[in-house]
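Every heavy atom of this structure was used, including side-chain atoms; hydrogens, water molecules and symmetry mates were not.
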Amino acid sequence: MTTVTSEIAQAPRAAQMARFARLRRLEQWRYVLLLLPALVFLIAFYGYPVAAMLTRSFSEPGWGLQNFEPLLQARSALDAFGLSIPMNAYIRVFGITLQIALIVTVFTLLLGYPVAYALSSVSPARANLLMILVLIPFWTSILVRSYAWMVLLGQEGIINQALIATGVLAAPMQLLNTRLAVYTGMIHILLPFMILPLYAVMRGIDRNLLRAAGNLGAAPSAVFLRIFLPLSLPGVAAGCLLVFILGLGFYITPALLGGQRDVMISMLIQQQISQLNWGFGAALALVLLLMALAIYLLFTRLLGVERVFGSARA
Amino acid sequence: MTASTPAALPRPDAAAVSRTRRRTRPPLSLSRVLLWIVVAVVLAYLVFPVFIVAPVSFSSAKYLQFPPPGWSLQWYENYLNRPGWVPATFVSIRVAIITTLLATTLGTAASLALVRGRFPGRNAINSFMVSPLVVPGIIVAIGIYFFYAQAKLVGNPLGLAFAHTALALPFVVTNVSATLHGFDERLEYAAMNLGANRWQTFRRVTLPIIRPGVFAGALFAFITSFDELIVALFVSGSGAVTLPRKMWDSLRQEIDPTIAAVSTILITLSVAILLSAELLRQRSERIRTATWIAEEEELGARE
Amino acid sequence: MTDMDQATYAVSGAIGSLGARVIFDRIEKRYGSVVAVDDVSLDISPGEFITLLGPSGSGKTTTLMMLAGFEIPTAGEIYVDEDPIAAVPPYRRNIGMVFQNYALFPHMTVGENIAFPLQMRKMSKAEITRQSGEVLDLVGLPGYEGRYPRQLSGGQQQRVAVARALVFNPRVLLMDEPLGALDKQLREHLQLEIKALHEQLGVTIIYVTHDQEEALVMSDRIAVMNNGRIEQCGRPTELYDEPSTRFVATFIGESNFIDAVVERLDGTAVCVEAPGLGELRAPMRSGLTAGAPVMLTVRPEKIVAVGDENGMAADMNVVTGTVDDVVFVGEMRRYVVVLPGAQRLVLKAQNRRGVQGFARGDPIRVCWNVDDCRIV
């Protein structure tokens with residue numbers, strides 16, 4: 001082989017290596033410069049305000065944990081007044097919120113799974129067509145959809161009218177401002193968030209695996225339970241995570257469709273802030289955020305970030 | 001097998017297609033019929049409420065009544081003539097346009113950095129940028145509220161647009177990043193090899209190819225801002241009353257079908273946007289097939 | 001050149017330029033602790049057609065990427081005509097490149113694709129039109145300006161990629177697996193076209209492939225790469241007949257390997273002792289000492305089956321064994337022979353009238369010329 005080193009003026013090799021390393025770092029700095037505007041903006045109008053607000057839970061009106069005390073008094077309330085007294089009202093709100101989010105998650109899964117399954121079993125062209133029916137509500141304002149349920153569920157609403165007209169009911173039933181209305185509206189709004197990741201994962205399942213299972217003697221039910229269902233679990237995880245976390249933070253729908261007793265955390269926070277209990281409002285916000293974070297970590301630890309979000313993004 | 005597809009009469013051009021399709025279609029069993037009944041019910045549940053609003057908006061009755069006793073356009077007139085509605089619409093449009101421009105520019109640049117760059121902390125920054133998607137809206141809203149109360153930005157449309165930009169950025173970042181992941185980096189290499197500097201490469205090659213993703217992100221950004229209520233409740237004050245805020249106020253006071261008229265307008269807008277997004281998606285698919293052809297040939301050559 | 005080739009490449013005017021000399025000087029590229037390219041030095045003459053040949057992960061593409069400017073080396077320098085370029089951004093290098101899968105811009109027509117490098121060089125519209133037309137004539141696609149890449153066949157896309165890489169008269173042309181996506185017949189045809197183009201234009205071509213046959217057919221010189229290093233660099237015949245390492249012997253063509261120990265060196269030849277086979281001889285090679293374990297390599301087609309007759313020439317190595325397997329491969333038969341000591345030997349015999357055939361289990365005596373084998 002030819003050696004050419006001596007022909008050309010030699011910069012000391014070490015100095016040149018340092019120069020190349022600087023060039024490569026410069027290359028990465030270009031990317032950082034591209035990122036910087038968005039990052040600074042997000043810190044200024046999201047990161048900093050949220051962090052500053054959360055610190056108020058410790059600093060308002062004075063430094064300390066006093067804002068968390070109302071949340072820790074549940075036990076003493078029970079002890080002091082006996083079992084006939086309802087639990088601490090704040091703890092109750094957390095309980096209601098968790099319960100609503102959980103029930104909504106279960107029902108969106110039960111309703112969404114068959115839809116995603118059916119759509120994933122037809123040709124992509126037909127599935128896209130049917131998917132429009134899922135996307136139309138998805139793209140419609142939450143406020144408008146909540147209003148639509150008010151129209152449907154009201155005393156003079158379509159459902160009551162229809163039930164009276166068909167003779168099922170003699171007089172209108174209270175549907176609006178009930179827990180049932182909250183469930184109906186929230187499931188309606190969150191269902192697309194379940195169907196979309198489920199569908200994405202199911203589309204990615206290799207149909208040949210199902211044929212292979214059938215060929216190996218599995219009955220259709222066994223093919224579904226032993227092959228399809230386990231393979232679709234990442235989609236189930238992603239959908240449930242998304243719906244549950246979004247459900248925890250709901251405000252508009254329960255406020256419009258729920259009754260006096262259907263208070264969720266977001267509504268409580270809003271109420272506290274408007275009553276100028278800023279420290280306590282911030283404390284409630286911190287607890288809500290920690291709950292969402294805990295659920296997120298639980299899911300991603302159990303299943304791996306890639307499995308939960310890699311699939312949802314597909 | 002033939003019994004399950006009685007409709008597959010031999011149309012000459014479709015014969016080959018139907019033959020392969022017939023083989024892949026599962027047999028029509030009772031469980032499949034039940035499945036599709038469930039699917040139909042669920043899809044009806046999803047779509048029905050959205051379309052029930054339109055007839056109400058054309059009702060002549062003063063209160064919610066169904067079916068409407070007569071037809072009229074009075075609620076649309078109300079929307080146009082009653083104080084507040086039209087200005088709120090314009091505020092919403094203005095805020096949404098500023099949000100879209102800001103979020104799309106910042107988000108596209110950030111996506112390029114996050115997908116192409118190899119600097120430390122990339123994953124953490126990515127998680128931070130996407131987190132507004134899952135952090136409950138009320139938390140962002142009161143954070144912004146306290147901040148704006150100090151910064152004297154309450155009631156300022158620009159302030160509202162900034163807050164909305166923070167909420168909309170994740171949508172732009174996820175959409176543009178997804179398109180960039182599907183992008184063949186060799187195209188950028190080729191452009192630079194042919195003499196285009198970084199900006200020219202972006203303008204002439206990268207942007208035209210990722211444009212569908214950028215448009216999709218921009219659409220999401222627009223809708224996010226246009227529909228946003230919770231932040232607006234806290235910081236719109238009296239100077240930046242948006243349409244959702246106005247609707248909320250009116251829902252809490254008197255429910256008359258004016259809001260149905262507004263809703264119908266919004267739904268029409270959503271459907272129009274959805275359809276244009278679908279068209280965009282199809283277009284991007286067509287561009288992607290160009291690379292598929294090459295890949296298929298590669299596969300063919302290996303077999 | 002056949003007549004057809006000359007018809008395809010009508011004589012060009014302005015397209016084409018004198019090739020540049022390219023020098024890799026002790027180039028190294030690390031990714032963290034992984035060494036992708038390890039101390040590569042290579043001097044490429046103006047107008048040479050050189051191929052970097054190696055399996056995937058051997059560092060050949062990384063080497064090419066550093067020359068094109070998409071990667072900055074960790075150490076070393078690259079010179080084009082005496083100018084150091086390792087730190088020059090890719091868009092100022094003026095090096096043409098045909099990418100794997102072509103990287104034609106899908107949103108531009110063929111004409112726009114080809115005009116792109118000329119626009120970047122701020123050429124006038126008239127000049128762009130003229131040069132685009134000329135280069136399309138050169139690759140045999142006149143009048144294709146208005147088509148989109150997706151409307152072209154694989155072979156046509158390949159030609160457009162070549163045209164786009166040549167239109168700005170680069171003095172060096174890089175080709176990264178440019179024929180990898182095509183079927184065998186088209187590939188062989190385009191190999192000849194590219195070779196003809198090279199001869200006509202005089203541009204220096206650096207070609208990357210994992211296909212050894214392609215490398216042998218096209219190149220003036222081949223650099224065989226493995227694990228980031230150049231194992232051997234030389235003319236195709238040199239590499240085939242005189243592989244210097246076991247890797248080169250296996251990667252290019254088929255080879256037999258016989259374990260042996262150096263017995264003595266007698267000036268012109270090396271005598272080795274192979275267990276069970278006795279003494280074998282090979283051409284002299286420096287750096288060997290008696291008692292060193294070595295490997296003897298010989299190509300299957302250099303081995304001949306012979307009868308029992310004595311009187312073998314002195315410059316032959318002879319061994320006997322048993323036929324273990326016979327495969328009919330059309331123009332020849334491939335025999336696997338088991339030798340004493342359980343070593344195996346593959347040989348290929350032409351299917352010709354009068355050539356004796358063997359069956360499984362037959363005893364067989366084979367020989368090869370001493371000059372046809374190598375110590376590696």
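- Using a 4.5 Å cut-off between heavy atoms, A:Leu152 contacts chain B through its side chain alone, with no backbone atom that close.
- When the candidates B:Leu251, B:Leu112, B:Val38, B:Leu169 are compared by the number of heavy-atom contacts under 4.5 Å with chain A, B:Leu251 comes out ahead.
- When heavy atoms are compared at a cutoff of 4.5 Å, B:Val140 approaches chain A by way of both its backbone and its side chain.
- No other option in B:Val173, B:Leu133, B:Leu229 has as many heavy-atom pairs under 4.5 Å with chain A as B:Leu229.
- Ring geometry for A:Tyr46 versus B:Phe128: interplanar angle of 30 to 60°, hence tilted.
- Neither the backbone nor the side chain of A:Leu210 comes within contact range of chain B, judged by heavy atoms closer than 4.5 Å.
- Heavy-atom distances place both the backbone and the side chain of B:Ser131 under 4.5 Å from chain A.
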Problem set entry | Residue pair A:Ser141, A:Tyr147: steps toward the side chain to side chain donor-acceptor pair (under 3.5 Å) verdict | CA-CA 10 Å; A:Ser141 150; A:Tyr147 168 70; over 6 Å; no
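- With a 4.5 Å cut-off on non-hydrogen atoms, A:Arg56 touches chain B through its side chain but not through its backbone.
- Interface remark: B:Phe220 contributes backbone and side-chain atoms alike to the contact with chain A (heavy atom separation under 4.5 Å).
- Proximity of the aromatic rings of B:Phe234 and B:Tyr148 is defined here by a centroid distance below 6.0 angstrom, and this criterion is not met.
- The candidate with the highest count of non-hydrogen atom pairs below 4.5 Å against chain A, out of B:Pro49, B:Pro244, B:Ala166, is B:Pro49.
- When B:Thr165, B:Val271, B:Val262 are compared by the number of non-hydrogen pairs under 4.5 Å with chain A, B:Thr165 comes out ahead.
- Both the backbone and the side chain of A:Thr184 come within less than 4.5 Å of a heavy atom in chain B.
- Atom OH of B:Tyr45 has more than 12 heavy atoms from other residues, nucleotides or ligands within 6.0 Å.
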Exercise. Could you go step by step and tell me if A:Trp29 and A:Val32 meet the side chain to side chain contact (heavy atoms under 4.5 Å, CB included) rule?
Worked result: CA-CA 5 Å; A:Trp29 271 106; A:Val32 175; 3.8 Å; yes
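- Separation of atoms CD1 (A:Ile164) and CD1 (A:Ile159) is listed at 12.0 Å; rounding is to 0.5 Å.
- Ranked by heavy-atom pairs under 4.5 Å with chain B, the first of A:Leu33, A:Leu39, A:Ile265 is A:Leu39.
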Problem set entry | Criterion side chain to side chain contact (heavy atoms under 4.5 Å, CB included) on B:Ser92 and B:Lys246, from CA distance to verdict | CA-CA 10 Å; B:Ser92 272; B:Lys246 175 75 184 156; over 6 Å; no
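- A:Ser123 contributes atom OG, which lies 9.5 Å from atom CG of A:Leu129 (distance to the nearest 0.5 angstrom).
- Only the side chain of B:Arg252 comes within contact range of chain A, with at least one heavy atom under 4.5 Å from a heavy atom of that chain.
- Relative orientation of the B:Phe162 and A:Phe45 rings is tilted, given thresholds of 30° and 60° on the angle between their planes.
- A heavy-atom distance below 4.5 Å is not found between the side chains of A:Phe228 and A:Val223.
- Contact between B:Ser225 and B:His164 at its shortest, heavy atoms only, is OG-ND1, 3.0 Å.
- Proximity of the aromatic rings of A:Phe299 and A:Phe244 is defined here by a centroid distance below 6.0 angstrom, and this criterion is not met.
- Options B:Val50, B:Leu106, B:Leu46, B:Asp227 differ in how many heavy-atom pairs under 4.5 Å they form with chain A, and the most are formed by B:Leu46.
- Between the CD atom in A:Gln271 and the CZ atom in A:Phe280 there is a gap of 10.0 Å [rounded to 0.5 Å].
- Between chain B and the residues A:Leu293, A:Leu289, A:Leu246, the largest count of heavy-atom pairs under 4.5 Å involves A:Leu289.
- Using a 4.5 Å cut-off between heavy atoms, B:Leu266 contacts chain A through its side chain alone, with no backbone atom that close.
- At a 4.5 Å heavy-atom cutoff, the contact between A:Arg30 and chain B is made by side-chain atoms alone.
- Of the residues considered (A:Ile245, A:Val50, A:Ile252), A:Ile252 shows the highest number of contacts with chain B, using heavy-atom pairs under 4.5 Å.
- There is no contact between B:Leu269 and chain A, counting heavy-atom distances below 4.5 Å.
- A distance of 12.5 Å separates OG1 in A:Thr108 from CD1 in A:Ile189, rounded to the nearest 0.5 Å.
- Proximity to chain A is limited to the side chain of B:Ile230, based on heavy atoms less than 4.5 angstrom apart.
- For the pair A:Gly249 and B:Pro136, the tightest heavy-atom approach, listed with the atom from each and the gap, is CA-CB, 3.8 Å.
- There is no contact between B:Leu167 and chain A, counting heavy-atom distances below 4.5 Å.
- Between A:Tyr48 and B:Phe147, the two ring planes are perpendicular [angle over 60°; tilted spans 30° to 60°].
- By the 4.0 Å N-to-carboxylate-O rule, A:Glu27 lies too far from A:Arg24 to be salt-bridged with it.
- If you measure heavy-atom distances from B:Leu35 to chain A, the contacts under 4.5 Å come from the side chain alone.
- Taking CG of B:Leu160 as the start and OG1 of B:Thr99 as the end, the distance is 7.0 Å to the nearest 0.5 Å.
- Counting heavy-atom pairs under 4.5 Å between each of A:Tyr251, A:Phe138, A:Phe250, A:Trp139 and chain B puts A:Trp139 at the top.
- Proximity to chain A is limited to the side chain of B:Ile125, based on heavy atoms less than 4.5 angstrom apart.
- For chain A, the option among B:Thr264, B:Leu275, B:Ile259 with the highest count of heavy-atom pairs below 4.5 Å is B:Ile259.
- If you measure heavy-atom distances from B:Leu43 to chain A, the contacts under 4.5 Å come from the side chain alone.
- Each of A:Leu256, A:Leu248, A:Leu54 has some count of heavy-atom pairs under 4.5 Å with chain B, and the biggest count is that of A:Leu256.
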For this session: Given side chain to side chain contact (heavy atoms under 4.5 Å, CB included), test B:Val134 with A:Tyr296 step by step and report yes or no.
Result: CA-CA 9 Å; B:Val134 285; A:Tyr296 174 79; 5.8 Å; no
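- Between the CE atom in A:Met131 and the CG atom in A:Leu196 there is a gap of 5.5 Å [rounded to 0.5 Å].
- Contact tally against chain B (heavy-atom pairs below 4.5 Å) for A:Thr140, A:Leu133, A:Leu42, A:Leu143: the top residue is A:Leu42.
- Contacts between A:Ile269 and chain B at a heavy-atom distance below 4.5 Å involve the side chain alone, from C-beta outward.
- For chain A, the nearby part of B:Ile138 is the side chain; its heavy atoms alone come within less than 4.5 Å.
- For B:Ala40, no part lies under 4.5 angstrom from a heavy atom of chain A.
- The contact between A:Ala44 and chain B is made entirely by backbone atoms, counting heavy-atom distances below 4.5 Å.
- Of the atoms belonging to A:Ala118, heavy atoms from both backbone and side chain fall under 4.5 Å from chain B.
- Only the side chain of A:Leu191 has a heavy atom closer than 4.5 Å to any heavy atom of chain B.
- Contacts of B:Glu228 with chain A are absent, with no heavy-atom separation under 4.5 Å from either backbone or side chain.
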